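Quick note on labels: first sequence line is chain A, next is B, and so on, each numbered from 1. Keep in mind the model is a prediction, meaning the values are calculated, not measured.
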Amino acid sequence: MDAERFTQLFDAMKREMAKAVVGQEELVDGVLVAMIARGHALIEGAPGLGKTLVARALAMACGCVYKRIQFTPDLMPSDITGSSILDRQTSSFTFVQGPIFAQLLLADEINRAPAKTQSALLEAMQDRQVTVDGTSRPLPSPFVVVATQNPVESQGTYPLPEAQLDRFLVKLTVGDPARDTEQTIVRRHADGFDPSDLSSLRAVVAPADIAAMQALATAVRCDDAIVGYIVDVVRRTRDDRAIELGASPRASIALMKTAQVVAASQGRAFVTPDDVKPMFAPVLRHRIMLHPDAQLQGITPDDRIGEIVRAAPVPRMA
Amino acid sequence: MRAWPILAVIVLFAADARALDPARAETDANAAREEAAQFCASPKKPLSSAARRLCGHAKEIPSCAAFVAACAESEGNVPTAPTAPSTPPSSPSVVTSGIGAVAQMIVWLIVAGVVALVVALVVRALLAMRKDDKLADPAMPKVAKIETATPEPLAQPSDAEALLARADAHARGGELDAALFTYLAAALRALDHRGAIRLSRDRTNGEYVRGCREDAARAPLRAIVGDVDRAQFGGVAADASVVARAKDRATALVRAVPVAMLAVFAFAIASLACASPPPPPPIKSDDPAGTEMFVSLMRKQGVTVARATSSLATLPMPKDRADAPTVVIDTERITLDEETAAHLMRWVEAGGSLVLAGRAESWPKELGAAPRAAMGDRVNVFDVAKPQTATVVRSAAIAWTHTPLAAFAGGETYAGMRPMKDGVVLALATDELLTNAALARPGNAGALVAILEAIDPHEITLARAEDAIAPPSNPISGMIRAGLGLGLGHGLVFAIVLFLAAGVRLARPRPTPPPARRAFAESVEASGALYARANMAAHALAAYARFIEERLRARMSRCDSDVTAFLAARAGADPAHCEELWQRAKNAREPRGDELALLKELTALYARAK
């Protein structure tokens with residue numbers, strides 16, 4: 001696969017998803033970048049903004065095996081990973097795969113399950129395997145978790161622990177659509193669009209294509225100046241007075257990977273600061289912990305990240 | 001025979017062109033009087049002293065009955081010298097003298113007290129300085145070394161053209177990458193200068209392209225940025241063709257003038273070209289001593305007349321006499337300061353023409369003129385073609401050793417001229433011939449024009465009173481000139497005394513004070529937020545309730561024991577609601593989800609109760 005083919009496939013997936021998702025270009029781009037960068041995406045937004053629809057449209061467009069788990073307070077880890085059950089005929093235990101054995105897993109409302117259940121995803125997301133009864137079972141490739149959560153509700157929810165959050169390559173926030181966009185959405189529903197039926201969408205890429213795109217993205221050149229820029233910004237999050245816990249080196253790596261995908265999607269074989277800059281907020285916003293004083297003042301992680309990025313000089317020749 | 005050398009000088013100075021024409025001066029003066037006849041029809045009353053001095057012309061001016069009446073009226077109301085009081089002022093009584101002595105003594109006591117206070121402050125400050133020196137650790141450096149983070153230098157080239165030249169130098173030297181980057185810098189600098197982009201160190205090249213306000217510049221800028229990014233981040237070294245392309249694009253961006261600016265400029269030029277000059281303002285004057293008729297007369301004679309636009313002390317030195325305007329100064333109304341007078345003399349020597357009308361004692365000393373008494377009221381002007389005679393009401397002459405232009409019958413010089421190197425000074429014994437009343441009198445306009453013909457002015461600058469004052473060279477001299485010198489001196493002394501008394505000690509370096517401790521209430525709020533993040537909202541609410549209870553109990557009297565009743569009374573809230581809120585807050589153990597709302601409500605109540 002070459003850069004031109006990469007761009008064609010990337011654009012084809014965007015176009016196909018756009019048949020179901022109106023607006024939300026940033027969200028669609030973020031999910032695609034996370035998938036090709038071999039990462040996972042956490043989507044946060046109020047109900048009714050199309051989070052689940054984006055994940056389902058992505059599954060349809062990329063032709064991956066898609067499973068959905070509705071996280072509930074009584075969900076158990078074995079409900080996700082699967083478990084060994086007794087086969088009466090053979091009098092032996094047989095492993096029954098859980099829904100996690102899919103290429104695209106939608107973890108809907110992930111913060112409604114307790115931490116014990118959420119932790120069942122840790123190994124799968126990090127090592128792409130599941131260990132049950134002492135046996136490790138690899139997950140299919142590609143394996144992408146797209147999780148959603150609602151930031152408004154606090155009753156009966158369990159905030160994701162930092163270790164779990166760090167497993168997500170990007171955290172994408174969904175805002176209210178513009179008036180024209182909302183009007184278009186309503187008009188499409190009036191014309192008969194059914195969001196539960198996405199059969200009109202077709203797979204424009206195959207899982208093998210995605211693997212090839214992932215391989216090509218990792219070969220995109222990242223100059224030392226770009227790496228220095230990334231590290232500079234990430235280190236500034238650790239020195240910022242409004243941030244109690246800054247981003248880890250894993251965040252730097254995530255930034256580099258996402259920037260490589262963005263550069264490849266532009267048809268370039270090298271990363272520029274323009275590829276890195278838009279990824280700072282999605283990659284860092286869930287990896288920093290604000291100081292309580294800053295929280296009291298109403299400062300958000302995006303505010304601080306914006307300030308830090310504005311203070312960091314972009315690499316250029318003097 | 002005496003007039004021949006005079007005429008030779010006049011001819012020498014006025015040989016080039018004769019714009020002024022004494023023959024038609026009377027016609028022009030009549031026309032000017034028609035325009036500025038307000039002083040004849042309805043003169044400003046009461047007449048000023050300058051106007052009263054011109055009353056001798058009133059009866060000789062045709063159709064000027066109102067001016068005549070005003071003069072007659074003013075003659076009847078001439079203020080007389082105050083008569084001496086019939087009774088001598090009473091001598092101060094003993095009581096008044098005693099009060100005066102007491103007041104004087106009080107003033108001196110106050111002055112002595114102020115001086116003693118100042119001395120005490122100074123001595124106290126000096127003692128404190130010595131004490132500080134003794135207490136100071138000799139090992140400690142006097143000045144704390146403060147390490148400040150130096151900002152990273154931001155590449156801010158001074159000029160896009162200079163950057164282009166530097167890029168060319170790089171290209172010639174074979175430093176192609178450096179040349180490429182410098183071409184981009186030049187283009188960005190030019191666009192920033194034109195306001196199309198805003199340079200900032202946190203902006204990427206792509207953001208410059210997307211944010212460029214000049215549509216035509218976006219494509220070439222994008223091309224340069226692509227080449228630069230490829231060389232800088234793509235590891236592809238720039239070759240000569242890439243640099244040549246970048247040079248062409250950068251040069252076009254740097255030297256291009258936006259089409260819109262050109263259009264606006266062309267429109268402005270066209271507007272200026274098509275616009276007709278504004279008509280001169282109508283000349284109206286109700287002051288017989290005004291100079292409006294002089295201005296009108298000169299304009300009708302083809303001379304450009306304008307007011308001075310800046311101080312006479314800053315007149316630019318003329319290159320030759322033909323280019324310099326003729327400056328007319330009425331020294332009876334305008335007092336020249338020394339600096340202005342000196343500058344005017346240098347200006348005349350460089351080729352300027354100066355007309356001085358008025359008291360000779362206020363003229364620059366270099367002219368060597370002095371006032372002189374004269375007899376009669378007829379002034380004869382030495383004119384080659386047609387002798388002119390002016391009639392004046394003030395018989396004043398000047399002692400003039402240079403070329404005379406007009407004289408009384410007794411030979412006393414009324415007007416004279418003195419060449420000074422490349423320029424010339426024309427002097428008039430009084431400013432009478434410049435006034436409306438004198439010029440309206442038949443015969444005077446022709447005489448004045450004949451006098452002025454000697455220097456043949458083509459452009460006259462009429463000075464005002466404020467033009468004769470040289471601008472101050474610095475703020476201090478300006479304040480001194482405004483009469484604030486004494487106050488300035490007092491302020492300076494006061495500042496020195498204040499510095500000696502307190503400033504010396506305050507200005508000494510001090511160790512950095514320790515950071516202020518966070519307020520207790522803020523600490524409680526921060527702890528509450530921390531509890532909330534750890535799902536300990538109920539605990540935070542209970543802690544806050546205990547904090548409020550502690551504060552309220554400190555304010556309650558000994559006979560009070562009910563905190564909620566006290567809170568409700570002070571906050572003006574419902575006691576039952578307060579009780580419910582208070583019990584809920586104090587007994588909060590398990591989270592119910594409404595802890596933040598309760599805490600806010602409790603905070604509002606406590607704020608009202610404070």
Side-chain angles (χ1 to χ4, degrees), chain A residues 3 115 153-159 161-162 220-229 232-233 236 239 241 244-245 259-260 262-263 266-278 280 289-299 306-318, chain B residues 149 151-157 167 170 175 177-185 188 199-210 222 225-226 228-236 238 518 521-535 537 540 591-596:
Chain A
E153 289 183 76
S154 57
Q155 294 288 328
T157 59
Y158 302 87
E162 277 69 26
V220 170
R221 184 177 191 275
C222 195
D223 192 75
D224 283 347
I226 300 294
V227 175
Y229 180 46
D232 181 30
V233 172
R236 281 170 188 255
D239 300 333
R241 290 182 60 191
E244 192 171 27
L245 183 64
Q260 285 177 313
V262 173
Q266 305 285 331
R268 264 186 283 105
F270 56 89
V271 178
T272 69
D274 271 317
D275 304 324
V276 183
K277 210 168 177 184
F280 278 127
M289 186 187 297
L290 288 179
H291 197 276
D293 287 351
Q295 291 179 346
L296 282 174
Q297 292 169 13
I299 296 173
E307 289 292 323
I308 290 169
V309 172
R310 273 191 287 278
V314 170
R316 66 177 87 247
M317 292 298 288
Chain B
E152 295 180 27
L154 179 62
Q156 285 290 345
H170 283 311
E175 302 170 48
D177 282 350
L180 190 59
F181 301 144
T182 314
Y183 281 130
L184 174 63
L188 292 176
L199 284 180
S200 174
R201 67 176 194 167
D202 68 299
R203 295 198 170 194
T204 64
N205 293 336
E207 287 172 327
Y208 288 139
V209 173
R210 291 189 291 274
R222 181 180 288 113
V225 163
V228 168
D229 282 349
R230 198 171 296 111
Q232 185 178 2
F233 304 117
V236 181
R518 183 188 294 167
E522 188 185 350
S523 174
V524 169
E525 287 181 0
S527 302
L530 194 61
Y531 287 145
R533 230 184 59 244
N535 284 334
R592 289 172 49 178
D594 59 346
E595 283 79 9
L596 185 59

Heavy-atom proximity to chain A below 4.5 Å, by part of Asp177(B): neither

Residue Gln297(A) versus chain B: region with a heavy atom under 4.5 Å: neither

Minimum heavy-atom distance Phe233(B)-Val271(A), with the two atoms named: CB-O, 3.3 Å

Distance-minimising heavy-atom pair for Val314(A) and Asp202(B): CG2-O, 3.3 Å

Least distance between heavy atoms, Glu207(B) atom then Asp274(A) atom: N-OD1, 3.7 Å

Interatomic distance, Arg203(B) atom CZ to Arg310(A) atom CZ [nearest 0.5 angstrom]: 10.0 Å

Those residues that, when tested against Phe280(A), pass ring-ring contact (aromatic ring centres under 6.0 Å, His included) (two or more places apart): Tyr229(A)

Part of Ala263(A) within contact of chain B (heavy atom distance under 4.5 Å): neither

Nearest heavy atoms of Gln232(B) and Arg316(A), plus distance in Å: NE2-CA, 3.3 Å

Test item: Asp229(B) side-chain N/O and Thr272(A) main-chain N/O as donor-acceptor pair under 3.5 Å: no

Atom group of Val220(A) that falls short of 4.5 Å from chain B, counting heavy atoms: neither

Interface residue of largest heavy-atom contact number with chain B, from Ala312(A), Cys222(A), Ala269(A), Pro273(A), under 4.5 Å: Pro273(A)

